[in-house]
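Let me begin by presenting the structure, written as structure tokens, before commenting on it.
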Amino acid sequence: MTPPLNAAQRDAVETLSGPLLVLAGAGTGKTRVVTYRIAELVKHGVAPQQILAVTFTNKAAAEMDSRAMSLLGTRWRERPEISTFHSLCVRILRRHIQRLGYTKQFAIYDRSDQEGAARAALREVQAPSESLRPRDLIGFISRWKTASVRPVEAVASVRSDKEHLAALAYARYQRALKAAGAVDFDDLLLLVEELFERHREVREAEAARFRHLLIDEYQDTNGPQYRITKSLAAAHRNLCVVGDDDQAIYGWRGAEVTHILRFERDWPDAKVIRLEENYRSKEGILAAANRLIAFNRHRHAKTLRATRASSEPPRMVPAEDEAAEAQWVVGDMLRQISAGRAAPRDFAILFRTNEQPRAFEAELRRARLPYVLIGGYSFFDRKEVRDILAYFKVVVNAADEVSLLRIINTPPRGIGVAAVKALMDEAVRRRAPLWDVVASNACDLSIAAAAKEGVRTLRVLVERFRQRAARESPLAVATDLVQETAYRQEIERLYREPNERLARWSSVEEVINSLAGYVDRQEQPSLAGFLDEVALLGREDTSDKEQRLENNAVALMTIHAAKGLEFSQVYLVGMEEELLPHRRAIETGSAAIDEERRLCYVGITRAKDHLTLTWAQERRRWGKLRSSTPSRFLLELQGETKEAPAAVYKPVVAG
DNA sequence: TTAGTGACACTTTTT
DNA sequence: GTGTCACTAA
């Protein structure tokens with residue numbers, strides 16, 4: 001079934017030592033090369049656990065892991081370490097973070113926790129609520145962090161009032177996180193970098209764990225990731241990086257294509273191998289992709305050759321609005337499924353933003369087609385889920401101020417806004433974490449008696465469960481915790497509708513199920529470990545129920561999330577100006593548009609057999625109907641431009 | 001202090 | 001459409 005490796009692929013697989021750069025276009029068997037290489041290394045006597053492969057997403061890591069293990073066979077108890085940069089860094093920090101003055105039980109702040117911390121920081125610098133939103137502050141901070149700019153340097157380098165405010169808040173934010181024993185996603189990388197810089201023996205010990213290092217999607221590494229890679233590979237020099245500058249889609253996150261472009265300068269003896277034969281997409285699809293990407297000026301010219309003949313061009317389908325678009329796409333799938341020509345698992349619906357899948361989900365449910373939504377606003381963003389997790393977090397790490405503030409009066413226990421303010425003031429006065437004030441029962445504070453009683457109840461609750469968490473199974477602790485917080489009654493109180501009550505409570509149950517799944521998987525499960533996993537895997541649910549569903553379900557995801565994956569049939573939806581390319585990119589200028597074009601290219605090249613591009617003539621946004629223009633990329637992939645269109649569009653009219 | 005109401009802003013993309 | 005915030009009544 002699988003074709004034998006071609007000469008270039010074989011060369012990449014069999015070059016076992018020294019620095020190696022694999023420049024691999026879309027669909028040229030990149031993942032296959034990496035997994036075969038892992039197997040080849042093991043065949044030559046390298047122990048699996050001495051191999052570290054870094055991927056960009058958890059999904060890609062899981063996929064690579066399962067492929068590698070099926071190549072290696074079951075006789076290996078040890079596994080190669082295949083993970084994302086962030087997971088790798090968490091493991092390193094769990095071993096050494098105390099050296100940087102953090103507590104061992106540090107919490108990982110996800111986006112929503114970050115927002116809480118950002119809001120508090122903005123309050124502290126007394127920013128008027130309109131001048132800078134928490135979201136924007138996080139953007140500034142993240143950019144500074146990936147560029148290794150410290151708060152003091154940020155203050156010195158600002159160019160506008162807004163930036164000045166952000167720099168001040170950045171300092172507060174960082175101090176607050178450290179006091180709370182918390183790190184954000186950028187810190188995970190930065191702290192590892194700092195650890196390596198300041199503690200040579202740690203760097204050497206961590207580097208010595210592995211003898212071979214493979215980095216996938218190298219074009220998307222940012223500064224800290226680039227330096228961590230170098231540190232880990234410096235001694236053994238067995239570094240293999242794989243990437244494609246045409247698929248660089250994370251520039252907004254600080255990724256720099258220059259890292260892959262300067263690999264040969266960093267490692268002068270590096271061997272370079274190019275993979276240019278595309279095994280994935282049929283010729284018609286690849287031709288469209290090649291025509292599109294040719295519109296990018298700054299790129300390494302390369303010719304991607306199709307090996308799968310067929311000149312069938314991508315279909316282009318207009319729809320009236322987003323509902324009609326969804327209806328047509330799902331209808332098209334149903335026709336093929338009932339004709340026996342395809343199964344749900346053959347299809348993927350790819351989109352630019354996370355607001356788009358709604359219409360498709362509704363339509364798929366109506367058609368009773370199984371589907372899996374990867375990522376997106378979902379489970380772990382729900383209020384009740386966040387509340388329960390915040391309880392877990394406080395039990396694990398009481399210094400976690402964002403989580404403590406979240407649950408301090410949820411469900412209501414008499415600690416209102418006034419009481420919280422008094423507690424916070426006292427914490428500032430004592431220069432101590434908020435929890436210390438709570439733990440001392442706040443008896444001498446002038447707050448209402450009911451609030452004092454509430455504080456006492458909370459303290460007793462948290463302390464009791466903290467003791468239990470140290471000894472008992474996480475599952476028992478979590479179940480009882482949910483029980484004792486009376487969260488179910490809180491849901492009954494808050495929501496009147498029976499359906500909503502049911503839905504809200506079932507997501508609480510789902511948290512417990514997810515914890516149960518984690519406990520089953522882990523040898524030494526702990527509440528803290530579960531929280532790490534939730535923060536890192538985020539929305540991706542690895543429970544086997546999900547897995548089974550995925551065995552034959554339509555996949556829905558953003559183009560970003562689809563990177564590295566392939567599907568028989570791809571529907572690239574919402575091909576409209578202001579969506580792809582996104583409005584923000586259009587406002588920013590041509591470099592940003594180029595990244596959007598690469599994104600479109602990534603989307604197109606996910607398709608093996610059939611590609612369909614759709615757009616809506618009108619789209620509802622925040623309840624308002626707005627008309628939209630077809631994306632310029634639709635023209636470009638037919639080899640035309642906005643300036644000189646040969647025909648307006650050549651849509652295949654929906655049947 | 002909490003509950004209820006209405007105005008409001010919000011939507012790139014991810015670890 | 002949805003979650004958050006400010007305001008008011010009890």
Side-chain angles (χ1 to χ4, degrees), chain A residues 54-61 83-90 108-112 114-116 119 129-130 133-136 138-139 142 145-146 183-189 217 220-222 224-225 248-255 350-359 362 374-377 381-383 386 409-420 447-451 453-454 493-494 496 532-540 557-563 574 578-588 592 595-596 598-600 602-603 619-624:
Chain A
V54 179
T55 61
F56 220 72
T57 61
N58 294 303
K59 185 125 180 83
S83 70
T84 61
F85 267 109
H86 288 80
S87 302
L88 172 72
C89 287
V90 170
I108 301 169
Y109 273 10
D110 65 14
R111 235 202 119 86
S112 141
Q114 268 185 297
E115 253 173 65
R119 195 165 290 131
S129 58
E130 281 312 296
R133 286 184 300 268
R135 207 171 268 270
D136 301 325
I138 295 169
S142 181
K145 283 190 177 178
T146 31
V183 303
D184 63 21
F185 281 115
D186 299 313
D187 287 337
L188 291 175
L189 302 172
E217 312 284 11
D220 282 323
T221 50
N222 64 21
Q225 290 168 334
I249 54 175
Y250 281 94
W252 53 273
R253 207 171 92 181
L350 306 183
F351 37 83
R352 177 65 176 87
T353 69
N354 279 316
E355 66 172 329
Q356 285 168 266
R358 284 216 171 103
I374 313 272
Y377 307 120
D381 292 324
R382 292 179 203 165
K383 178 189 181 300
R386 299 213 63 89
N409 200 35
T410 308
R413 51 170 74 83
I415 313 173
V417 193
V420 171
I447 54 177
E453 183 53 27
R493 192 181 66 87
L494 243 37
R496 325 215 69 190
D532 275 2
E533 202 176 276
V534 168
L536 290 169
L537 299 183
R539 301 104 208 265
E540 277 161 60
M557 64 187 96
T558 62
I559 308 174
H560 281 92
K563 180 153 107 148
E578 310 217 324
L579 212 46
L580 185 69
H582 195 271
R583 191 161 66 98
R584 296 281 276 261
I586 297 172
E587 284 163 5
T588 311
E595 183 153 310
E596 298 285 305
R598 289 192 292 270
L599 193 56
C600 185
V602 168
R619 192 171 283 277
R620 211 170 289 277
R621 281 197 118 178
W622 313 309
K624 285 211 169 69

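Computed from heavy atoms alone, side chains included, the values below leave out hydrogens, waters and symmetry copies. Throughout, protein chains are lettered first and strands after them, A, B, ... in sequence-line order, and every chain is numbered starting at 1.
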Tell me: [atom1] of [X] to [atom2] of [N], nearest whole Å?
X        : N      : atom1 : atom2 : value
A:Gln114 : B:dT14 : CD    : P     : 15 Å
A:Lys383 : C:dT2  : NZ    : P     : 15 Å
A:Glu355 : B:dT13 : CD    : C1'   : 12 Å
A:Tyr250 : B:dT14 : OH    : C1'   : 5 Å
A:Arg111 : B:dT11 : CZ    : C1'   : 11 Å
A:Phe185 : B:dT14 : CZ    : P     : 12 Å
A:Asn222 : B:dT13 : CG    : P     : 19 Å
A:Ile374 : B:dT13 : CD1   : P     : 16 Å

Is there a donor-acceptor pair closer than 3.5 Å between any side-chain N or O of A:Arg119 and the backbone N or O of A:Pro134?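 Answer holds: no.
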
Position toward the 5' end of DNA chain B (nearest nucleotide), A:Ile249 or A:Asp136: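 Its nearest nucleotide being more 5', the pick is A:Asp136.
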
If you find the nucleotide of DNA chain B closest to A:Ala585 and the one closest to A:Phe85, which residue's nucleotide is nearer the 5' end?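 The residue mapped nearer the 5' terminus is A:Ala585.
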
Could you list the residues that satisfy side-chain hydrogen bond (donor to acceptor under 3.5 Å, both in side chains) with [X], not counting sequence neighbours?
X        : answer
A:Asn222 : none
A:Gln114 : A:Tyr173
A:Asp187 : A:Lys145, A:Gln174

Identify all stems in which DNA chain B takes part, counting only runs of at least 3 consecutive pairs (Watson-Crick or G-U wobble, each distance under 3.5 Å), and give each as one range with another, ordered by first number.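 Runs of three or more consecutive pairs: B:1-10 with C:1-10.
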
Taking only the side-chain heavy atoms of A:Arg135 (C-beta and beyond), determine which of B:dT15, B:dT13, B:dC10 contains the nearest atom.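 It is B:dC10.
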
Which of the following nucleotides, B:dA9, B:dT13, B:dT15, is nearest to the side chain of A:Thr84?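 Ranking B:dA9, B:dT13, B:dT15 by closest atom to the A:Thr84 side chain puts B:dT15 first.
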
Protein heavy-atom contacts under 4.0 Å, written 5' to 3' over nucleotides 1-7 of chain B as B (base), S (sugar-phosphate only) or - (none), form the string SSS----

Is there aromatic stacking of A:Trp252 against B:dT13, centre distance under 5.5 Å, plane angle under 30°?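 The base of B:dT13 is stacked with A:Trp252 (centres under 5.5 Å, planes under 30°).
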
So, is A:Thr558 close to the B:dT14 phosphate, meaning a side-chain N or O under 4.0 Å from OP1 or OP2?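 So the side-chain polar atoms of A:Thr558 do come within 4.0 Å of the phosphate oxygens OP1 or OP2 of B:dT14, strictly under.
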
Does A:Asn354 have a side-chain nitrogen or oxygen under 4.0 Å from the phosphate oxygens OP1 or OP2 of B:dT14?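 Answer yes for this pair, as a side-chain N or O of A:Asn354 is under 4.0 Å from OP1 or OP2.
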
Quick one: label A:Phe56 by what it contacts on the DNA or RNA (base, sugar-phosphate, nothing), any heavy atom closer than 4.0 Å.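 It contacts sugar-phosphate atoms only.
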
Tell me what A:Arg119 touches on the nucleic acid: a base, only sugar-phosphate, or nothing, going by heavy atoms under 4.0 Å.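 Counting heavy atoms under 4.0 Å across all strands, the contact made by A:Arg119 is with sugar-phosphate only.
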
A:Phe56 and A:Tyr250 aromatic ring geometry - parallel, tilted or perpendicular at 30°/60° bounds: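 Answer is tilted, since the angle falls between 30° and 60°.
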
Step by step, work out the side chain to side chain donor-acceptor pair (under 3.5 Å) result for A:Gln356 and A:Thr353. CA-CA 6 Å; A:Gln356 285 168 266; A:Thr353 69; 3.1 Å; yes

Any A:Asp186 side-chain heavy atom under 4.5 Å of A:Thr146 side chain: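 The answer is yes, as the side chains (C-beta and beyond) meet within the 4.5 Å cut-off.
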
Are any of the side-chain heavy atoms of A:Ser83 and A:Asn58 separated by less than 4.5 Å?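 Sidechains of A:Asn58 and A:Ser83: no contact.
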
Hey, is A:Asp110 close enough to A:Arg386 for a salt bridge, meaning N to O under 4.0 Å?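 So A:Asp110 pairs with A:Arg386 through a salt bridge.
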
Set of ring-ring contact (aromatic ring centres under 6.0 Å, His included) partners for A:Phe185, sequence neighbours left out: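 Partners of A:Phe185 under the ring-ring contact (aromatic ring centres under 6.0 Å, His included) test: A:His86.
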
